[in-house]
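Below is one structure, written out as structure tokens; the observations come after it.
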Amino acid sequence: MTQTQHEPSDTDAPTGPDSGPIPPSPERIMDLGYGFWGSKVLLSAVELGVFTELAREPLPLEALAGRVGLHPRSSRDFLDALVALGLLQRQDGRYSNAPDCDLFLDQAKPSYMGGVLDLATTRLYRFWDSLTEALRTGRPQSEIKEGGDFFGTLYQEPERLREFLRAMSALSTGAAMAIAEKFPWDGYRTFIDIGCAEGALPVQVAARNHHLTGGGFDLSPVGPIFDDYVVSAGLQDRLRFYPGDFFNDPLPSADVLVMGHILHDWNLEEKRALIQKAYDALPVGGALIVHDTIIDDERRQNAFGLLISLNMLIETEGGFDYTGADCRGWLTSAGFSQTRVEHLVGPDSMVVAIK
């Protein structure tokens with residue numbers, strides 16, 4: 001799903017050595033149509049703790065099945081399906097994690113991102129079952145549909161919030177590292193991440209740019225979690241937390257403001273309002289960095305960005321993802337004098353605007 005998609009043309013038709021063009025195959029269609037099989041196998045493995053168990057030691061079939069509670073009828077096919085999907089390895093009858101799964105799906109590691117996949121299991125999997133309804137009505141299919149508020153409840157439960165923000169850090173650290181390296185920080189002294197969550201971006205930027213000071217701005221329940229994360233990185237003397245609501249409170253001022261995976265949650269009017277607030281908070285010469293799963297301008301290649309936008313349809317009242325050209329237009333309308341788009345990592349890009 002995260003791969004760049006290519007739109008085929010007549011010149012892309014495969015040919016055989018003697019017989020001309022090879023007839024189309026239904027394989028791609030079937031892989032997509034039944035893609036939920038492999039997805040659910042991965043999600044169940046995370047839910048059962050398979051990767052955490054195997055991070056401790058490789059295990060034979062019976063031992064692993066016993067530890068994670070698999071029935072004898074299911075265990076061999078389930079674990080070998082994980083091998084065939086490239087998520088596990090098997091040698092001499094013992095199962096072990098593939099390297100990426102060992103890094104990102106072991107609950108004992110700080111890089112663990114299984115919390116995001118847990119949300120797919122407990123929430124998104126069933127909400128996406130109503131995608132057709134969302135496409136026909138334009139209405140969200142999440143808790144909002146029944147009058148619920150998942151995030152409002154989450155922010156009232158400190159331990160659940162901590163787990164969720166930890167998962168968000170694992171998901172965003174790659175882009176944060178790229179921003180820390182690619183943006184010309186030498187020309188600035190202070191920065192603040194708006195909607196900072198646990199603080200992955202401030203920590204990555206400050207760790208690689210020792211002259212910078214700054215911090216993160218988010219709702220007040222995030223503060224203790226941000227502070228703990230910054231202390232664990234040894235950056236508490238240079239980074240601090242700024243509590244607030246970015247719609248109802250003024251944004252803190254700094255040379256550089258960052259909005260990562262923020263704008264796509266909101267409708268166009270709200271997007272423009274947040275950009276304007278950032279412009280007003282910046283000094284002349286200051287910069288705003290917007291990073292997201294920016295859709296390519298032709299809307300042909302970044303399939304993950306387009307699917308995230310459909311997820312915003314499922315999750316929110318008016319959120320949507322956008323192209324680099326869209327974002328540059330909003331930034332220019334707000335008063336920014338220079339804008340550019342730069343790829344970060346995977347499906348993520350940043351739009352940089354100078355006041």
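No experiment lies behind these values; they were computed from the predicted model shown.
- In this structure, the side chain of D296 engages the main chain of Q301 through a donor-acceptor pair within 3.5 Å.
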Item to check | Residue pair R166, E198: steps toward the salt bridge (Lys or Arg N to Asp or Glu O under 4.0 Å) verdict | outcome: CA-CA 7 Å; R166 179 187 177 194; E198 194 179 37; over 6 Å; no

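- Between M113 atom CE and L105 atom CG the span is 7.5 Å, to the nearest 0.5 Å.
- Checked options H264, H261, H343; the residue passing with H291 is H261 (criterion: ring-ring contact (aromatic ring centres under 6.0 Å, His included)).
- The distance from the CD atom of E181 to the CG atom of L344 is 12.0 Å, given to the nearest 0.5 Å.
- Grouping Ile, Leu, Val, Met, Phe, Trp and Tyr residues whose side-chain heavy atoms lie under 4.5 Å apart, directly or via other members, places L306 in a hydrophobic cluster with I295.
- Under the rule for a side chain to side chain contact (heavy atoms under 4.5 Å, CB included), the partners of P243 that lie at least two apart in sequence or sit in another chain are S220, F241.
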Checklist entry - Between W266 and F320, does a ring pair (Phe, Tyr, Trp, His ring centres under 6.0 Å) hold up when you go through it step by step? => result CA-CA 7 Å; W266 308 102; F320 62 93; over 10 Å; no

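- In terms of the side chain to side chain contact (heavy atoms under 4.5 Å, CB included) criterion, residue partners of R240 (sequence neighbours excluded) are, by chain and number, Y242.
- Partners of Y112 by ring-ring contact (aromatic ring centres under 6.0 Å, His included), not counting sequence neighbours: none found.
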Checklist entry - So Y155 and D149, side-chain hydrogen bond (donor to acceptor under 3.5 Å, both in side chains) or not? Walk me through it. => result CA-CA 10 Å; Y155 276 76; D149 182 359; over 6 Å; no

Item to check | Worked check of side chain to side chain contact (heavy atoms under 4.5 Å, CB included) between I294 and N302 | outcome: CA-CA 8 Å; I294 306 290; N302 192 349; 5.6 Å; no

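- Contact record, P224 with P221: CD-O, 3.5 Å, taken as the closest heavy-atom pair.
- Within the structure, ring-ring contact (aromatic ring centres under 6.0 Å, His included) contacts touching residues 162-215 (residues at least two apart or in different chains) are F151-F164, F183-W185, F183-Y188, W185-F191.
- Atom CZ of R299 has 12 or fewer heavy atoms from other residues, nucleotides or ligands within 6.0 Å.
- With rounding to the nearest 0.5 angstrom, the OG1 atom of T316 is 8.5 Å from the CG atom of N267.
- In this structure, CD in Q141 is found 9.0 Å from CG in L135, a value given to the nearest 0.5 Å.
- Here the closest heavy-atom approach between residue A180 and residue V205 is recorded as CB-CA, 3.8 Å.
- In this structure, G305 and D321 approach most closely via the heavy-atom pair O-CB, 3.8 Å.
- The main-chain N or O of G35 is never found under 3.5 Å from a side-chain atom of S39 such that the two would form a donor-acceptor pair.
- Taking CG from L117 and OG from S44, the interatomic distance works out to 11.5 Å, rounded to the nearest 0.5 Å.
- For the residue pair M312 and G319, the shortest heavy atom distance occurs at CB-O, 3.4 Å.
- The pair K145-E133 meets the salt-bridge criterion, with a side-chain N (NZ, NE, NH1 or NH2) lying under 4.0 Å from an Asp/Glu carboxylate O.
- Here the shortest heavy-atom pairing between A334 and I275 reads CB-CG2, 3.7 Å.
- At a threshold of 4.5 Å between non-hydrogen side-chain atoms, the residues I225 and L161 count as touching.
- By the side chain to side chain contact (heavy atoms under 4.5 Å, CB included) test, E317 is found to be paired with R139, P140, I144, residues two or more places apart in sequence or in another chain being considered.
- Under the 4.5 Å side-chain heavy-atom criterion for grouping Ile, Leu, Val, Met, Phe, Trp and Tyr, L103 is not connected to M177 through any hydrophobic cluster.
- At most 12 non-hydrogen atoms from other residues, nucleotides or ligands lie less than 6.0 angstrom from CZ of R76.
- Rounding to the nearest 0.5 angstrom, the gap separating the CZ atom in R94 from the CD atom in Q89 is 14.0 Å.
- Under the 4.5 Å side-chain criterion, counting only non-hydrogen atoms from C-beta, M259 is not in contact with I289.
- Scanning all heavy atoms of the two residues, the minimum distance from A175 to V345 falls at N-CG1, 3.6 Å.
- Counting only residues at least two apart or in different chains, salt bridge (charged side-chain N to carboxylate O under 4.0 Å, His left out) contacts with residues 252-281 are absent.
- When hydrophobic clusters are built by joining Ile, Leu, Val, Met, Phe, Trp and Tyr residues whose side-chain heavy atoms come closer than 4.5 Å, directly or via intermediates, V222 is grouped together with L154.
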Using residues 230-238 as the side-chain source, report each donor-acceptor pair under 3.5 Å to any protein atom, sequence neighbours left out, with the distance given to one decimal.
residue: S232; atom: OG; partner: Y229; partner atom: O; Å: 2.6
residue: R238; atom: NE; partner: L212; partner atom: O; Å: 3.0
residue: R238; atom: NH1; partner: A206; partner atom: O; Å: 3.3
residue: R238; atom: NH2; partner: A206; partner atom: O; Å: 2.8
residue: R238; atom: NH2; partner: N209; partner atom: O; Å: 2.8
residue: R238; atom: NH2; partner: L212; partner atom: O; Å: 3.0

List the atom pairs, donor and acceptor, that lie under 3.5 Å between side-chain atoms in residues 47-58 and the rest of the protein, sequence neighbours left out.
residue: T52; atom: OG1; partner: Q107; partner atom: N; Å: 3.0
residue: E53; atom: OE1; partner: R56; partner atom: NH1; Å: 3.1
residue: E53; atom: OE1; partner: R67; partner atom: NH1; Å: 3.4
residue: E53; atom: OE2; partner: R56; partner atom: NH1; Å: 2.9
residue: E57; atom: OE2; partner: R67; partner atom: NH1; Å: 3.4
residue: E57; atom: OE2; partner: R67; partner atom: NH2; Å: 2.7

Side-chain polar contacts of residues 246-253 - donor-acceptor pairs under 3.5 angstrom, sequence neighbours left out - could you list them?
residue: N248; atom: ND2; partner: D245; partner atom: OD2; Å: 3.2
residue: D249; atom: OD2; partner: D245; partner atom: N; Å: 2.8
residue: S253; atom: OG; partner: A281; partner atom: O; Å: 2.7

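- Among residues at least two apart or in separate chains, salt bridge (charged side-chain N to carboxylate O under 4.0 Å, His left out) pairs with a member in residues 113-128 are R123-E143, R123-E315.
- When the ring-ring contact (aromatic ring centres under 6.0 Å, His included) test is applied to W128, no partner is found at least two apart in sequence or on another chain.
- Taking hydrophobic clusters as Ile, Leu, Val, Met, Phe, Trp and Tyr residues chained together by side-chain heavy-atom distances below 4.5 Å, V341 shares a cluster with F336.
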